[in-house]
Amino acid sequence: MTTTTAERTALPSLARVYRTRAGVELKEFFRQRESVVFTLLFPVILLLGLGAVLDYDLGEGIDFPQYFMAGVIAAGIVGASLQNMAIHIAGERSDGTLKSLAGTPMPASAYFVGKVVQVLAVTAATLALLLLIGVLVHGIDLPSGGDWLTFGWVTLLGAGACTLLGIAVSTLARNGRSASATVTPIALVLEFVSGVFMPFHQVPGWLQDIAAVFPVKWLAQGLRSVFLPESMVAQEPAGSWELGRVALVLAIWCVVGLLLCVRTFRWQDRGDG
Amino acid sequence: MQKDPLFPTTRTLAAGPEREPLDDDAAISIRGLVKQYGDRAAVDGLDLDIRRGEIFALLGPNGAGKTTTVEVLEGYRRRDGGEVRVLGVDPATGGRRWKADLGIVLQSGAGDSQLTCRELLQAQGSYYADPRDPDEVLELVGLTEKAGARGRTLSGGQRRRLDVALGIVGRPRLLFLDEPTTGFDPEARRQFWGLIRSLRDLGTTMLLTTHYLDEAEELADRVGVIARGRLVEVAVPSSLGGRGTAPAVVSWTEDGVRRTAETATPTALVAELAARFPGEVPDLRVNRPTLEDAYLKMIGDRA
């Protein structure tokens, strides 16, 4: 037994399996029309629709689309990470994909690496599309200089926290379809109270307090600091962009999400294992 | 019987002294396997050895503990008692290298996919040390024309063949097949049997669960019948339930009346009938219990 095992060729390297999984996840996402439309086009429609309807001035020479850009991008990131993970992993769990993978020598880490690559690619595609439309249709001002750096870390931390939360939430759903029905309203409510669809200072105070517990509010706030001039900071309820706190809360959600994933992740449906 | 889940693998506690030691040369060796769901024991003290190179069929009604047993062997479920070795390794601790020697075709299948059959086999193969060529595997399961079709567009039977293809692409030494031919038409089933025989010729050990007794009889070197979490009998298909030595039933028509006789010496009876009738014995039949008769009798006795 031991000799025959040793005679067999070595298992493929982690790097090779990671590459395979990344390729699989990209194909699975971009070949599925529903998921592409749902994830990429939802924020685009939001940007075009609301941008066309609500065209008032927010002061300081800031029109609605410029203010709204941060919110739409936050919605895009939530869709590419939280909703995408929760819905698709629940689907893969109920149709047997996960159980089947767990029976192969694929290391568990490879599955998650593939998902992370998918989220990054979908997020990048969403951001590129939104920025392009923002500039071409609404003539928004792109961030400049150091704002790109802020844009980068806020996006990565926000997407990271939402990805981990999405993986954790996928465990609550019975199947892919029920996951979609549960997660989509939750995401919309979170986005609503977090100032994605309207200026955050117009959200009632008690809702602002609730929103402050969750990552979406901080993600949107960090993005506003990127897309709005310093003069607009006066409209923030805190009177500051609070970038330190944005980083802290999003990082805490990453840790909480990771702990939830490690504790709750299952490779098969409940009652099935 | 030790049922404390805290000490599921402690040899001295779990395997009673009355049991033979585990057979480390066997492909699968099980002693006193117990798996509880709440108060109910789904598997209740099961012993079994499956030799290397053997095709073993596990039969039993739904809920008898077949799938639970197989999923403990595959490493999906933790046992509550007893000792198990699969290719010499305890499935509860089996790592990547151990899994690389297994092929698993689950009852639930391998899921929906946007990837084509060939892409799925390439991806699956890349987890293994020495995978088979995807096109070769597609040919083996008769899916060559579907190589470029996406997984989710396949029909039920084609999907099941893809499941089998995914199970064998890693060149397993031990293949688990959980009801592999459910949903196959008779022709597809015959093709599948041919595939299993060619895998056997390559030395693959197989553990098959099935509801089709003709399939077990056709393929298996030995069959085991499981009922209420215990193995009722293990035998070659031709002698299960005493089939080989069971009395034969001879029937014929005489004076317009159908007659039957149960006898241990059917040849003598037939010779006697031949002497009694001038020509052919009308409607002569000699029957022995089929595998299905033997199986149903065993299951009926336990129910």
- prompt: Which region of Arg150(B), side chain (C-beta onward) or backbone (N, CA, C, O), has a non-hydrogen atom less than 4.5 Å from a non-hydrogen atom of chain A, or is it both or neither?
  reply: side chain
- request: Among Ile104(B), Asp163(B), Leu106(B), Leu166(B), find the residue that satisfies the side chain to side chain contact (heavy atoms under 4.5 Å, CB included) test when tested with Ser100(A).
  value: Leu106(B)
field: Residues from residues 106-117 of chain A approaching chain B under 4.5 Å (heavy atoms)
entry: Met106(A), Pro107(A)
- request: For Ser113(B) and Glu28(A), test the side chains for any donor-to-acceptor distance below 3.5 angstrom and give the result as yes or no.
  value: yes
field: Pro12(A) versus Ala129(B), closest heavy-atom pair with distance
entry: CD-N, 3.9 Å
task: Begin from the C-alpha positions of Lys27(A) and Glu119(B) and carry the test side-chain contact (heavy atoms from CB on, under 4.5 Å) through to its verdict.
output: CA-CA 10 Å; Lys27(A) 285 176 193 158; Glu119(B) 286 172 332; 3.5 Å; yes
- request: Go through the atoms of Leu14(A) and report whether side chain, backbone, both or neither lie under 4.5 Å from a heavy atom of chain B.
  value: side chain
Set of salt bridge (charged side-chain N to carboxylate O under 4.0 Å, His left out) partners for Asp178(B), sequence neighbours left out: none
query: Within a reach of under 6.0 Å around CZ of Phe30(A), are more than 12 heavy atoms found that belong to other residues, nucleotides or ligands?
result: yes
- prompt: Can you name the residues of residues 15-25 of chain A that have some heavy atom under 4.5 Å away from a heavy atom in chain B?
  reply: Arg16(A), Val17(A), Thr20(A), Arg21(A), Val24(A)
Side chain, backbone, both or neither of Gln122(B) within contact of chain A (heavy atoms, under 4.5 Å): neither
message: Treating Tyr76(B) as the side-chain partner and Gly103(A) as the backbone partner, does any N or O pair qualify as donor plus acceptor under 3.5 Å?
response: yes
message: Within this structure, what is the CZ-CD distance for the pair Arg33(A) and Gln114(B), rounded to the nearest 0.5 Å?
response: 9.5 Å
- request: Using a 4.5 Å cut-off on heavy atoms from C-beta on, say whether the side chain of Leu11(A) contacts that of Tyr127(B).
  value: no
- request: Could you list the residues that satisfy salt bridge (charged side-chain N to carboxylate O under 4.0 Å, His left out) with Arg200(B), not counting sequence neighbours?
  value: Asp221(B)
task: Heavy-atom pairs under 4.5 Å with chain B are the metric here; pick the option from Leu98(A), Leu101(A), Thr104(A) that has the most.
output: Thr104(A)
- prompt: Which is it for Lys99(A) and Glu74(B) under the salt bridge (charged side-chain N to carboxylate O under 4.0 Å, His left out) test, yes or no, and what are the steps along the way?
  reply: CA-CA 11 Å; Lys99(A) 187 176 181 181; Glu74(B) 292 164 341; over 6 Å; no
- prompt: At their closest point, which heavy atom of Leu115(B) faces which heavy atom of Arg31(A), and how far apart are they?
  reply: CA-NH1, 3.7 Å
